[in-house]
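Structure first, commentary second.
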Amino acid sequence: MRARTLLSITAAAGAAGIGYATLVERNWFALRRYDIPLLPAGAAPVRILHISDAHLTPGRRRLQSWIRALDELDPHLVVNTGDSIAHHQAVPYFLEALGPLLSRPGVFVFGSNDIHSPRPKNPARYLWRSSSGDHACHAPDLPWEELRDGMTYAGWLDLNNHHGKIVAGGVDIALAGVHDSHMGRDRYEDVAGPANPQADLRIGVMHSPEPRVLDRFAADGYELLLAGHTHGGQLCLPGFGTLVTNCGIDRERAKGLHRYPADGRAWLHVSAGLGTSPWAPARFACRPEATLLTLVPR
Ligand SMILES: [Fe+2]
């Protein structure tokens, strides 16, 4: 085969891949489901809807409709692990997308992208470095207070370096969360200490699944740890999976449900997230997702 023909085929395959990743897979939303044996014997199942990393902009109508339709799953609790917005005017669109979900019990933490607007950057740089520190010389400029107030006004618990408790599906749940460790806003000492032993279930919530934070939640007795941030790697290799996690978690636990630590008793669910930065609008071999976690008796 002539070099010119080979070059043409390679260029055509590259263009097709980019078209697929930006136009098809980025909008090919998936619902993942897991059953987790965490409830006392005889308890009725409890459904937790885990959403994360919507990075919503006003123009993403398909994503907004898909989020809104998640209410049909009839979750007892909604957990939002942050990076919800990516535009100065996105808050009303995000709250509208949550729609009926806001009348259900819910909790949230923030990610760095709820605070700082997205900036153009080379997406390939994630292959050799993390985005931690990217916001250090970039003042907070997104309306995170409006986002916080919209969710708390609806009754959702703000778990950014806070404790809380909630009754969902008839189950008493003790919760603790931290603000984003990826940008150094986590203050675990504000929530540190043994998780409430009187509760039926203990959940730790964070944006970035950083091992130093996960270790502390697990040591304090939190049995279910929920995080986002990784986007599952966002651009993955079929047959190999995640290339980078953009934080300290290992590639194997960049998305999905796993034990934490690997031989421990806690469960860690990392959401691959619903969106992308507007400056890196592509997903490959890593569909955007929400997850329905159904807690069942041990
Ligand atoms: Fe994100």
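One-based numbering, in listed order, for ligands and for the atoms of each. Side-chain atoms are counted along with the backbone in the values below, which use heavy atoms only and exclude waters and symmetry mates.
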**Study point:** Salt-bridge contact R148-D114 (side-chain N to carboxylate O under 4.0 Å)
**Key:** no
Revision key, fill the gap. The Fe ion (ligand 1) -> D53, closest N, O or S atom is OD2
Check your understanding: Name the one of N161, L159, D190 that satisfies side-chain contact (heavy atoms from CB on, under 4.5 Å) with H179?
Key -> N161
**Study point:** the Fe ion (ligand 1) reached by H229 (N, O or S, under 2.8 Å)
**Key:** no
Check your understanding: Hey, what's the angle at the Fe ion (ligand 1) spanning OD2 (D83) and NE2 (H55), nearest 10 degrees?
Key -> 90°
Point to revise | Any donor-acceptor N/O pair, Y188 side chain to R216 backbone, under 3.5 Å | key: yes
Check your understanding: Once you round to the nearest 0.5 Å, how far does SG of C236 lie from CZ of R283?
Key -> 8.0 Å
